[in-house]
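This report refers to the structure that appears directly beneath it.
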Amino acid sequence: MKLYNTMSRSKEEFVPAEAGKVKMYACGPTVYNFFHLGNARPFVTYDTLRRYLEYTGYEVEFCQNFTDIDDRIIKRAQDEGTSIEEISERYIREYYVDADRLRIGRPTYQPKATQTIPEMIELIGELMENGYAYELSDGIYYDVSKFAEYGKLSRYHLDELVEGAGERDTKRENDEKRNPGDFVLWKKKKENEPSWPSPWGEGRPGWHIECSAMIRKHLGDTIDIHGGGQDLIFPHHENEIAQSEAVTGVPLARYWMHNAFVNVDNEKMSKSTGNFFTIRDIVKKYPYRVIRFFILSGQYRMPINFSDSLLEAAENGLNRIRESVDNLRFTAKNQKKSSEETDDRSSWDLMEAIDKASRDFLDAMEDDFNTADAITAIFQLVRTANIACQEPLVSADSLLSAADKVMELGEVLGLDILGTDDGDTGIPDEVMRLVNKRAQAKKERNFALSDELRDQVTALGYQIKDTPSGPQVTKA
RNA sequence: GGCGCCAUAGCCAAGGGGUAAGGCAGAGGUCUGCAAAACCUUCACCCCCGGUUCAAAUCCGGGUGGCGCCUCCA
């Protein structure tokens, strides 16, 4: 498999350090609110990568954190007059509500920052001993000038960072810092802020240190893949590298992956600009399954725009796949002829298309995890399968194989093709009763009654399709 | 200023030296009592200008336009 490595700015053949095993880490949510579509992209992306790696036989150890101590959480807790635990626990629960229904699998390890404080303190202690960190009145800082390779991931140069962008807010930085790029490892306690004991007094950790500590604790000094949004390249991942490698002396990650953003009107969706849509909001209009499909319909390094019409297009496309699976199974069930009696030719064509879809799917995923192309492979199989459904002599076996393959490939992407996660557990008796009544009315050529009954079924959220083998009922 | 990304049909989106996948939407048709779904047909010379080449949308250079990071933003 080829992966684009941000470190080298090129696609590289992916070879894990240990054959057959992959250790990966992705930056998780700061739990102070519902997460939005832009946050969901990396969650879905790295979950899908993990699924694919497992599908191709790797044993994957996947770690994703919860940042449960941070300025925004503290502020939220103060605003609500409650504790940070109350806030973070609440939004961790809410995270799982969305994540589970987006079919984001639970990571192997999902530590909270507050559970990793001893490891962070230990790491900071080693940095102090090694001379990479120093103490100021308000905290412990990392001295970026001590780490010769600082900037190797982002390719930023320290002296240029000094000048910085005009909009940079330098007021909140401690002006005693040795270098403008130095960042805080440990913040000394302020009034009304939660704190933990440390060799440098009561305080709380800086943001970057948690990932370094968690990776080391759960996965080791060097991991295979480290992922996150492109906005984390600098400073977050650069700082992780500086923290970890200054202590371990070995590369923190062998492959760095960064997903592009979700945009609104071509501009980055972000909490600070307010142009964001939470998953909880979007789901009022489009199901979770559509959101996941939407995210995966573009290659992860390309920006995707968010809009109603795009979600709608995604929903229609996903429904096309569902219809196809429904049709394949329905047709197979009604295929009365045995395999020996059926037309080898159309079955053969279909079997060939199944193989081709598998190959194309793998080729797409092997090329820097191109889920857009992988979905195309599914659509191509759907096309051939739909044609096969119209062949009177196609074998039930091949139809079912096609349905299975579509479901299998969809599952690798975590797609809920049939919408079973929406609580659809089959056709209710009430609906079937109406369907049968309508079939009877139709037989008697009482079309007025039959149409009325169909309207009733439609009103209940189901759809009747008349086929040569009788009515087919599906969820609308 | 530094470091990057992007520009393909009405919309979305792959591809990437030999003459444009797929999806959505649209139009026409087949099937149907009507419908739905499906199927068939139809819909692009790939931002502009140079250059390299037998051949460029694809490589190189220069533009133009859009976007991101350099702020504890995924």
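Letters A, B, ... are given to chains in the order of the sequence lines, protein chains preceding strands, and every chain is numbered from 1. Computed over heavy atoms, backbone and side chain alike; hydrogens, waters and symmetry mates excluded.
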With sequence neighbours left out, write down each residue that passes side chain to side chain contact (heavy atoms under 4.5 Å, CB included) with A:T371, or none if nothing qualifies. A:T48, A:L296, A:M365, A:F369, A:L413
Establish whether the base of B:A13 is bridged to the side chain of A:S297 by a donor-acceptor pair shorter than 3.5 Å. no
Toward the 5' end of RNA chain B, which comes first, A:D373 or A:A314, by nearest nucleotide? A:D373
Identify, between A:Y300 and A:L37, the residue whose nearest nucleotide on RNA chain B lies closer to the 5' end. A:Y300
Passes ring pair (Phe, Tyr, Trp, His ring centres under 6.0 Å), A:F35 versus A:F43? Steps please. CA-CA 10 Å; A:F35 64 89; A:F43 305 155; 5.3 Å; yes
Answer yes if the side chains of A:N179 and A:D182 hold a donor-acceptor pair under 3.5 Å, and no otherwise. yes
Tell me the interatomic distance from A:R72, atom CZ, to B:C73, atom P, rounded to whole angstroms. 6 Å
Nearest-nucleotide pick for A:A313, side chain only, options being B:A13, B:A74, B:C24: B:C24
Looking only at side chains, do A:Y25 and A:E240 share a donor and an acceptor under 3.5 Å apart? no
Within the 4.0 Å limit for protein heavy atoms, which parts of nucleotides 32-42 of chain B are touched? Write it as a string from 5' to 3', B for base, S for sugar-phosphate only, - for none. -BBBBSBSS--
For a quick check under 3.5 Å, do A:S154 and A:E238 share a side-chain donor-acceptor pair by atom type? yes
Rounded to the nearest angstrom, tell me the gap between atom CZ in A:F234 and atom P in B:A74. 17 Å
Please identify each residue that fulfils side chain to side chain contact (heavy atoms under 4.5 Å, CB included) with A:S401, with sequence neighbours left out. A:M351, A:I354
Can you check the distance between B:G15 and B:A9, where both ends of the measurement are the P atom (answer in whole Å)? 16 Å
For A:N259 and A:Y46, which I'm curious about, is there any donor-acceptor pair between the side chains at under 3.5 Å? yes
Counting N and O atoms only, with roles assigned by atom type, does the side chain of A:D98 sit under 3.5 Å from a partner on the main chain of A:I279, one being a donor and the other an acceptor? no
Can you pull out the residues from residues 205-215 of chain A that lie within a 4.0 Å heavy-atom distance of RNA chain B? A:W207
Which nucleotide wins on minimum distance to the side chain of A:F379, given the candidates B:A14, B:A74, B:G23? B:G23
Given B:C12, B:A14, B:C3, which nucleotide is nearest the side-chain atoms of A:L310? B:C12
Does a side-chain N-to-carboxylate-O contact under 4.0 Å join A:K268 and A:D231? yes
A:E85: side chain to side chain contact (heavy atoms under 4.5 Å, CB included) partners, not counting sequence neighbours: A:S83
Testing A:E135, A:E193, A:E202 one by one against A:K188 for a side chain to side chain donor-acceptor pair (under 3.5 Å), which residue passes? A:E135
Of the nucleotides B:G68, B:C69, B:G22, which one has an atom closest to the side chain of A:Q380? B:G22
Under the 3.5 Å Watson-Crick or G-U criterion, the dot-bracket string of RNA chain B, with | for inter-strand pairs: (((((((..(((.....[...))).(((((.......)))))....(((((..]....))))))))))))....
Between B:C11 and B:C47, how far is it from one P atom to the other, in whole Å? 13 Å
For nucleotides B:C73 and B:A21, find the distance between their C1' atoms and express it as a whole number of Å. 35 Å
